[in-house]
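To start, the structure itself, in C-alpha cells.
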Number of protein chains: 2
Amino acid sequence: MDRSNHAFLPERTVEEASRIFKVLADPTRIKLLYLLSQEECSVGHIAEVLQLSQSAVSHQLSTLRNLRLVRYRREGNTFLYTYDDDHVISILTQVVHHIEHE
Amino acid sequence: MDRSNHAFLPERTVEEASRIFKVLADPTRIKLLYLLSQEECSVGHIAEVLQLSQSAVSHQLSTLRNLRLVRYRREGNTFLYTYDDDHVISILTQVVHHIEHE
DNA sequence: TAACTATATGAGCATATGCTCATATACATT
DNA sequence: AATGTATATGAGCATATGCTCATATAGTTA
C-alpha cells in the first residue's frame, strides 16, 4: 500500500479531539452538562438533582471550569453555573438524540 | 427550584453516550478509526502508519471489535479491517472538522 | 513436516481518573 | 465578633486503561 496517500490528522487536532471526547466520556459529566444545557444551576442544586455529594460536584465543576466549558456568577453564597461551550453541548445533544432514536 | 421540571436523560442513554465517547477519547483510537474511515487496512499496515507495535494495534482492534465498531475479513495470513459504525465515524469527522476550522 | 508470517492474547505495569473524607474559604446573618 | 451557609480544595484510595513483553494460534511456503 502507498503510505504517501493517507490524509493524516495533525497531532494537535488529535489531541484536541481527544480532550473533548474525554470530557464527555464520564456519565456524571454527561448528566451535569446536559442539566446545565437546560438551565443555570447552583452547585447544591446539581448535587441534589444528580444525587451526588457536594464535593464530587464541585470537583467536576472545577474540571469543567479549567477546560472553559462552564462559567459561573456569584449571588451571595450561591454560585450559579452555566455552560460556556456550544460546540461541546451540540456534540452531546446530537449523540443523545441519535441514541434515543435508533 | 422545581425539580419536576427537568428533562432527565434515561440512565441507559447516559451509559450508551459515555460508551461512545470513551471509545473516541483515546488519541490512538482516533487515529486508527480515522485511518479506517479512509481505507481498509491490515494490522501490520496500521502499525507501520501509526508507528505502533503490532501488539498495541491488535489490542486496540480487539476493543473495537468487541464494540462492533470495526469488522474484518481474512486474506491468507492478513486480516483486513474496516470500520463498521457510521455514526461513530460521523461524530469523529464532525469534531475533527470543527477543530480544524475554528 | 518444518520453518515462516501475520495476528491474537494473557499478564503485568504505569498512569489517569472519579470519588470520599477532612478541611479551608468567603460571604451572610445574628 | 460569632455562627451559619455554600462552595472549593488537597490527600488518598480504588478502579480503569493503554501499553509492553512473552507467547499462542493459524495459515503459508519450502
Side-chain angles (χ1 to χ4, degrees), chain A residues 1 3 11 14-36 39-82, chain B residues 1 3 11 14-36 39-82:
Chain A
M1 286 182 231
R3 290 188 57 183
E11 193 59 33
V14 172
E15 290 303 324
E16 173 68 8
S18 167
R19 195 179 69 82
I20 291 174
F21 289 128
K22 272 197 175 73
V23 174
L24 293 169
D26 177 58
T28 298
R29 278 192 297 272
I30 289 177
K31 294 178 201 168
L32 209 167
L33 285 171
Y34 192 76
L35 184 57
L36 290 182
E39 56 178 341
E40 191 177 38
C41 289
S42 71
V43 178
H45 180 65
I46 296 169
E48 188 191 355
V49 169
L50 300 187
Q51 297 278 82
L52 293 166
S53 74
Q54 177 268 319
S55 180
V57 173
S58 195
H59 276 295
Q60 289 286 16
L61 288 170
S62 163
T63 301
L64 297 175
R65 250 171 15 234
N66 291 336
L67 296 170
R68 316 252 177 226
L69 298 187
V70 298
R71 65 170 185 279
Y72 66 96
R73 65 191 178 86
R74 190 171 198 144
E75 218 169 66
N77 269 347
T78 302
F79 289 65
L80 293 166
Y81 280 82
T82 45
Chain B
M1 287 184 230
R3 289 188 59 183
E11 193 57 34
V14 172
E15 289 303 325
E16 173 68 8
S18 167
R19 195 178 69 81
I20 291 173
F21 289 128
K22 272 196 174 72
V23 173
L24 294 169
D26 177 58
T28 298
R29 278 192 298 274
I30 290 177
K31 293 178 200 167
L32 209 167
L33 286 170
Y34 192 76
L35 185 57
L36 290 182
E39 56 178 341
E40 192 178 37
C41 289
S42 71
V43 178
H45 180 65
I46 296 169
E48 188 192 357
V49 168
L50 301 186
Q51 296 279 80
L52 293 167
S53 74
Q54 177 269 321
S55 180
V57 173
S58 195
H59 276 296
Q60 289 286 15
L61 288 171
S62 165
T63 301
L64 297 175
R65 250 173 13 235
N66 291 336
L67 296 170
R68 316 249 176 226
L69 299 187
V70 297
R71 66 171 183 280
Y72 65 96
R73 65 190 178 86
R74 189 170 198 145
E75 219 171 65
N77 269 346
T78 303
F79 289 63
L80 293 166
Y81 280 81
T82 44

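The sequence lines fix the lettering, A, B, ..., with proteins before strands; numbering per chain opens at 1.
The phosphate of D/dA8 has OP1 or OP2 within less than 4.0 Å of a side-chain N or O from A/R65. Residue A/Q54 places none of its side-chain N or O atoms closer than 4.0 Å to OP1 or OP2 of C/dT20. Side-chain N/O atoms of A/R29 include none lying less than 4.0 angstrom from OP1 or OP2 on C/dT17.
When all heavy atoms are compared, the tightest approach of A/R29 to A/K22 is NH2-O, 3.3 Å.
Within 4.0 Å (heavy atoms only), B/Y81 reaches sugar-phosphate atoms of the nucleic acid but no base atom. Here A/T78 lies in heavy-atom contact (under 4.0 Å) with sugar-phosphate atoms only. Across all strands, B/S53 comes closer than 4.0 Å only to sugar-phosphate atoms, never to a base (heavy-atom distances). Heavy atoms of A/T28 sit under 4.0 angstrom from primed sugar atoms or phosphate atoms, though from no base atom.
More than 12 non-hydrogen atoms from other residues, nucleotides or ligands lie less than 6.0 angstrom from CZ of B/F79.
Atom CD in B/Q51 sits about 20 Å away from atom P in D/dG18, given to the nearest Å. What separates CZ of B/F21 from P of D/dA16 is a distance of 21 Å, to the nearest Å. Atom pair B/L52:CG and D/dG18:P shows a separation of 12 Å (rounding to whole Å applied). Distance CG (A/L67) to C1' (C/dT17): 13 Å, rounded to an integer number of Å. Rounded to whole Å, the distance from NZ on B/K31 to C1' on D/dC19 is 14 Å. C/dA6 atom C1' lies 14 Å from atom CD of B/E48, rounded to whole Å. In this structure, A/E75 atom CD and C/dA28 atom P are separated by 11 Å, rounded to whole Å. Distance B/K22 NZ to D/dT17 C1': 11 Å, rounded to the nearest Å.
Residues B/R65 and B/Y81 bring a donor and an acceptor atom of their side chains to less than 3.5 Å of each other.
Interatomic distance, OG of A/S55 versus CD of A/Q60, reported as 10.5 Å (0.5 Å rounding).
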Please lay out, stage by stage, how B/I46 and B/L61 fare under the test side-chain contact (heavy atoms from CB on, under 4.5 Å).
CA-CA 10 Å; B/I46 296 169; B/L61 288 171; 4.3 Å; yes
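Toward the 5′ end of DNA chain D lies the nearest nucleotide of A/N77, the other residue of the pair A/S55 and A/N77 mapping further downstream. Place B/Y72 and A/T63 on DNA chain C by their nearest nucleotides, and B/Y72 ends up nearer the 5' end.
The ring of B/H59 lies on top of the base of C/dT9, close enough and flat enough: under 5.5 Å between centres, under 30° between planes.
Closest to the A/Q60 side chain, of the nucleotides D/dC19, C/dC19, D/dA8, is C/dC19.
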